[in-house]
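Counting from 1, the numbers follow the sequence of the chain as shown. Counting starts at 1 for both ligands and their atoms, following the listed order. Treat the numbers as computed from the prediction; the structure is a model and nothing was measured.
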Amino acid sequence: MTQPAYKRVLLKLSGEALMGDDAYGINRATIESMVADVAEVAKLGVELAIVIGGGNIFRGVAPGAQGMDRATADYMGMLATVMNSLALADAMRQVGLTARVMSAIGIEQVVEPYVRPKALQYLEEGKIVVFAAGTGNPFFTTDTAAALRGSEIGAEIVLKATKVDGVYSADPKKDPGATRYSTITFDEAISKHLQVMDATAFALCRDQKLPIKVFSIVKPGALKRVVLGDDEGTLVHL
Ligand SMILES: Nc1ncnc2c1ncn2[C@@H]1O[C@H](COP(=O)(O)OP(=O)(O)OP(=O)(O)O)[C@@H](O)[C@H]1O
Ligand SMILES: O=c1ccn([C@@H]2O[C@H](COP(=O)(O)O)[C@@H](O)[C@H]2O)c(=O)[nH]1
C-alpha cells in the first residue's frame, strides 16, 4: 500500500463549500462527499484533526451582520461552526468513523470542551477530533483556529480544503487572468495580501514552521493525493 506523507494532519474544511449548490446551510450530498474523502485518508492510518468553517451559515463580517456589534456577530459565527462540526461528526459516525467534537467555547450539554491533552489522547487512539467554535475569540477566523490547533497538536501540516484548487495571484473567482502558484512562501503570501487565508493564520503557521497545503475539496480524490504527498494544490512554506 502507498504510504502517507504525514502521520498527523490538521484538515481545515471550508464551511462555505458545505452549501454545495444551495444558497446556504448544509447540502447533504456535499457533506457525504467530504466525509468519503476523510474516510479514505483515515484508512491510510493518518491521525486527523479537523476544523470546519462557518461561512455556509454565518460570518461576522457578512451583510447580515451589518449594524451588529462585531463581537456578538463573531460569537454567532463561532456557534455556526459548532453546528457544522456536529453535522460533520454525525455524518462520519454514519460511515463508521469515530469522531469527537471539542468546543473552544463552553456549551457542555452539547459538546465537550477543548482540553489539549484529551485531544491528543483521542488522536493517539485513532479517533478523528473536530475542533469547534474556532479559537473561542471574536475577531479571528477558523483559518487561524486551524493554524492554532495544528500547532498545539503537533500536526505536520495544515491542509486547507477549499473551493479553489490552490493559491492564485488574485482571487480566481474575480480575476479570470489569475495564475496558480505551485509553491509560495508565507512572506510572499502575506506581502501580496493574498486573501485565500487571513494574514494572522499565515503568520502563525510561519512562526511555528507549520506548512500549509491549499487544495480543492470539490476535486475528487484531491485530499488523498495531498496526504500521499502527490503534486496537488499549492504549498505555502517558509
Ligand atoms: N489569491 C487567492 N487565491 C486563491 N483564492 C483566493 C485568493 N484570494 C481570495 N480567494 C478566495 O478565498 C476563498 C477561500 O477562502 P475563504 O476563507 O473565503 O473560504 P473557506 O475557507 O473555503 O470557507 P469558510 O471560511 O467558510 O471555511 C476562495 O474560494 C477564493 O475565492
Ligand atoms: O476563532 C474564531 C473563528 C470564527 N469566528 C467567527 O465565525 C465566523 C465563521 O468562521 P469562518 O472562518 O469565516 O468560516 C467568522 O466570520 C467569525 O465571525 C470568530 O469570531 N473567531
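Considering only non-hydrogen atoms, atom 20 (O) of ligand 2 lies nearest to D74 out of D74, T144, T141. With atom 7 (O) of ligand 2 as the reference point, the heavy atom nearest to it among A71, A62, G77 is part of G77. Between atom 17 (O) of ligand 1 and the options K12, E16, K174, K160, the minimum heavy-atom separation is to K160. Nearest residue to atom 9 (C) of ligand 1 from D198, D171, N56 is D171 (criterion: closest heavy atom).
Checked by distance only, ligand 2 and D143 stay at 3.5 Å or farther apart across all their nitrogen or oxygen atoms. Of the polar atoms of T142, at least one N or O is found under 3.5 Å from an N or O of ligand 2, judged by distance alone. Residue G54 has at least one nitrogen or oxygen atom sitting less than 3.5 Å from a nitrogen or oxygen atom of ligand 2, judged on distance alone. Below 3.5 Å of separation, one finds an N or O of G60 facing an N or O of ligand 2. For the pair R59 and ligand 1, the shortest N or O to N or O distance falls below 3.5 Å. Every N/O-N/O distance between T81 and ligand 2 stays at or above 3.5 Å.
In terms of protein heavy-atom proximity, atom 4 (C) of ligand 2 is closest to F140 O, 3.7 Å.
The shortest heavy-atom distance from G15 to ligand 2 is not under 4.0 Å. Assignment of P138 to the shell around ligand 2 is supported, since a heavy atom sits closer than 4.0 Å.
Under a 4.0 Å N-O distance rule, the pair D165/K219 does not qualify as a salt bridge. With salt bridges taken as basic N to acidic carboxylate O contacts below 4.0 Å, one links K160 and D143.
D21 and N27 share no side-chain donor-acceptor pair at under 3.5 Å. In summary, the side chains of T144 and D198 do present a donor paired with an acceptor at a separation below 3.5 Å, with no hydrogens or angles considered.
The distance from ligand 1 to the heavy atoms of L194 drops below 4.0 Å at these ligand atoms: 1 (N). Per-residue contacts place G53 under 4.0 angstrom from the following atoms of ligand 2 (heavy atoms of the residue considered): 14 (O). In the vicinity of T135, heavy-atom distances shorter than 4.0 Å reach the ligand 2 atoms 1 (O), 2 (C). Taking a cut-off of under 4.0 Å to the non-hydrogen atoms of G55, the atoms of ligand 2 that pass are 14 (O).
Only the backbone of F58 comes within contact range of ligand 2, with a heavy atom under 4.0 Å; no side-chain atom does. With a 4.0 Å cut-off on non-hydrogen atoms, N137 touches ligand 2 through its backbone and not its side chain.
Not counting sequence neighbours, the partners of R116 by the side chain to side chain contact (heavy atoms under 4.5 Å, CB included) test are Y114, L120, E152.
With hydrogens and angles ignored, the 3.5 Å screen pairs no side-chain donor or acceptor of R70 with any backbone N or O of A65.
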